[in-house]
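Here the structure is laid out as structure tokens; the discussion comes afterwards.
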Amino acid sequence: MASGTLNGDILMLEAAPEAARPWASASNAEIVDALPYIDEDYGDPKVKAEVDRLIEEEMRRSTKKPADFLKDLPPLPKFNFENHPMIAKEYERVRAGRPPVALDFSSRYLIEPPPMSKRNDESAWKQSLQRAQRSLQHQVTRLENLDLMIKHGPDVWRQNNQQLEALLSRMQNLAQEQNEKIETVNRERKYHQQNTAYELNTLSAQSKELCQKNIEIQAACAQIEGHLDALRKEAAERGWNLEADLENGAVLHSG
């Protein structure tokens with residue numbers, strides 16, 4: 001957000017408005033009062049080195065840790081997995097840092113006869129037969145999927161690529177629009193800063209001149225005060241009462 005300081009012109013940047021950051025308090029609002037298009041002090045290597053030194057010194061003195069900066073962000077929403085127990089279980093596993101449970105598909109389609117102790121058990125043979133049928137059906141399904149992929153795979157991939165290209169084109173157009181807006185703001189800021197540079201330099205020179213005059217006036221006042229103190233001291237040594245003489249002189253002058 002640009003801020004106008006002279007005739008509503010865009011001169012400096014402001015922090016994001018509070019409406020965009022409802023969690024941030026007004027006391028934390030910051031103003032970036034930089035004029036990069038006319039301020040050339042930072043281009044001086046000596047000034048840059050001094051600025052970097054001050055920043056490093058402040059960072060060393062700071063008691064705020066990097067994790068403390070996250071306190072300014074809004075709190076995370078609370079997740080509710082009441083109707084999704086499997087997702088809740090997986091969420092808790094990830095939070096605890098436990099590794100995922102590996103899925104074992106080999107035993108499901110493994111074809112083996114019943115163990116020697118159950119070779120005479122009809123139900124054991126039926127279970128083995130069902131596993132063999134599942135394995136066979138799984139292989140048939142894989143072959144069907146391969147046939148479908150050979151037949152329709154290229155068209156599906158071309159359609160998917162077209163969708164990705166269309167999405168990429170939209171994202172590029174949006175990025176270009178944003179870049180053009182940024183460039184427009186930068187051009188306006190540069191234009192206003194350069195047009196206002198003369199006025200700012202004039203005001204800065206007047207301020208320095210007034211400060212110099214104030215210093216000279218203060219020095220002259222201090223010199224006069226010192227001269228008066230010397231006169232008072234000399235009058236006291238001679239026994240003169242300057243205050244009474246001044247009052248009598250003022251009365252006589254008024255009469």
Side-chain angles (χ1 to χ4, degrees), residues 1-78 95 97 167-226:
M1 180 70 67
S3 173
T5 56
L6 292 172
N7 301 325
D9 292 342
I10 301 174
L11 295 179
M12 64 184 179
L13 301 177
E14 288 183 357
E18 296 303 321
R21 300 190 307 157
W23 64 88
S25 60
S27 60
N28 295 330
E30 298 179 358
I31 295 180
V32 183
D33 57 347
L35 302 175
Y37 296 105
I38 58 177
D39 284 341
E40 299 178 354
D41 294 339
Y42 194 70
D44 188 350
K46 295 181 179 180
V47 176
K48 183 179 183 301
E50 179 65 16
V51 171
D52 295 340
R53 185 190 66 79
L54 293 175
I55 293 175
E56 293 178 359
E57 182 180 354
E58 183 177 354
M59 291 176 65
R60 285 195 300 267
R61 292 199 310 265
S62 177
T63 58
K64 196 172 185 180
K65 299 179 180 179
D68 296 336
F69 290 92
L70 299 177
K71 295 180 181 179
D72 297 334
L73 298 177
L76 293 175
K78 295 182 179 180
R95 286 190 60 186
L167 177 61
L168 176 61
S169 178
R170 289 198 299 270
M171 293 299 102
Q172 289 177 341
N173 291 335
L174 290 176
Q176 184 177 359
E177 291 178 1
Q178 296 300 322
N179 289 333
E180 290 177 355
K181 291 180 180 179
I182 294 173
E183 186 65 23
T184 300
V185 172
N186 289 335
R187 283 198 300 267
E188 291 180 358
R189 188 177 296 119
K190 181 178 181 180
Y191 171 78
H192 291 306
Q193 288 185 16
Q194 290 179 343
N195 285 350
T196 315
Y198 177 78
E199 184 176 357
L200 290 176
N201 292 332
T202 302
L203 294 175
S204 178
Q206 291 178 357
S207 176
K208 292 179 181 179
E209 183 180 355
L210 292 176
C211 290
Q212 183 65 30
K213 288 182 178 180
N214 289 336
I215 293 174
E216 294 175 357
I217 292 173
Q218 290 177 356
C221 291
Q223 184 178 2
I224 294 174
E225 289 290 340

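Under the side-chain hydrogen bond (donor to acceptor under 3.5 Å, both in side chains) criterion, Tyr191 pairs with Asn195, not counting sequence neighbours. Contacts of Ser169 classified as side-chain contact (heavy atoms from CB on, under 4.5 Å), with partners at least two apart in sequence or in another chain: Asn173. Asn186 is linked by a side-chain contact (heavy atoms from CB on, under 4.5 Å) to Tyr37, Ile182, Arg189, counting only residues two or more places apart in sequence or in another chain. Contacts of Thr202 classified as side-chain contact (heavy atoms from CB on, under 4.5 Å), with partners at least two apart in sequence or in another chain: Tyr198, Gln206. With sequence neighbours left out, Leu174 forms a side-chain contact (heavy atoms from CB on, under 4.5 Å) with Met171, Glu177. Taking the side-chain hydrogen bond (donor to acceptor under 3.5 Å, both in side chains) definition, one finds that Asp44 meets it with nothing, sequence neighbours left out. For Glu57, the side-chain hydrogen bond (donor to acceptor under 3.5 Å, both in side chains) partners at least two apart in sequence or on another chain are Arg53, Arg61.
Going from atom CD of Glu50 over to atom NZ of Lys46 covers 12.0 Å, rounded to the nearest 0.5 Å. Going from atom OG1 of Thr184 over to atom CG of Asn179 covers 10.5 Å, rounded to the nearest 0.5 Å.
Between the side chain of Ser207 and the backbone N or O of Leu203 there is no donor-acceptor pair closer than 3.5 Å.
For residues 211-220, there are no side-chain hydrogen bond (donor to acceptor under 3.5 Å, both in side chains) pairs, not counting sequence neighbours.
Side-chain contact between Glu58 and Ile55: absent, with no pair of heavy atoms (C-beta onward) separated by less than 4.5 Å.
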